[in-house]
Amino acid sequence: MTASRSTTTLAALLAVLAGAEVALFASDAADGVRYGVGAALAVGILVVVARLAKSGDSH
């Protein structure tokens, strides 16, 4: 996979994770579900941002 394609894939994944986070917190889910799943999504967002930053340093 090329670097630009990898970056595009990570950016798309970031958009999906952020959208899922917003949708989750806007939902009527129980607080425990919102905070538990929301925390997992937040960790995923941080991992993707870190990988995007790392891929930006290699160019």
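- Under a hydrophobic-cluster definition in which Ile, Leu, Val, Met, Phe, Trp and Tyr are linked whenever side-chain heavy atoms come within less than 4.5 Å, directly or via other members, L52 and V47 are assigned to different clusters.
- Cluster annotation: V22 is not connected to L46 through the hydrophobic network of ILVMFWY side chains, with a link wherever side-chain heavy atoms come within less than 4.5 Å.
- Here the shortest heavy-atom pairing between A29 and V33 reads CB-CG1, 4.2 Å.
- Rounding to the nearest 0.5 angstrom, the gap separating the CZ atom in R51 from the CG atom in L13 is 9.5 Å.
- Every residue two or more places apart in sequence or in another chain that forms a side chain to side chain contact (heavy atoms under 4.5 Å, CB included) with D31 is listed here: R34, Y35.
- Taking each heavy atom of S55 and T7 in turn, the nearest pair found is OG-OG1, 3.7 Å.
- Applying side-chain contact (heavy atoms from CB on, under 4.5 Å) to V48 and the options V43, L14, V16 leaves one that passes, L14.
- Nearest heavy atom pair, residue L41 against residue L17, reads CD2-CD2, 3.7 Å.
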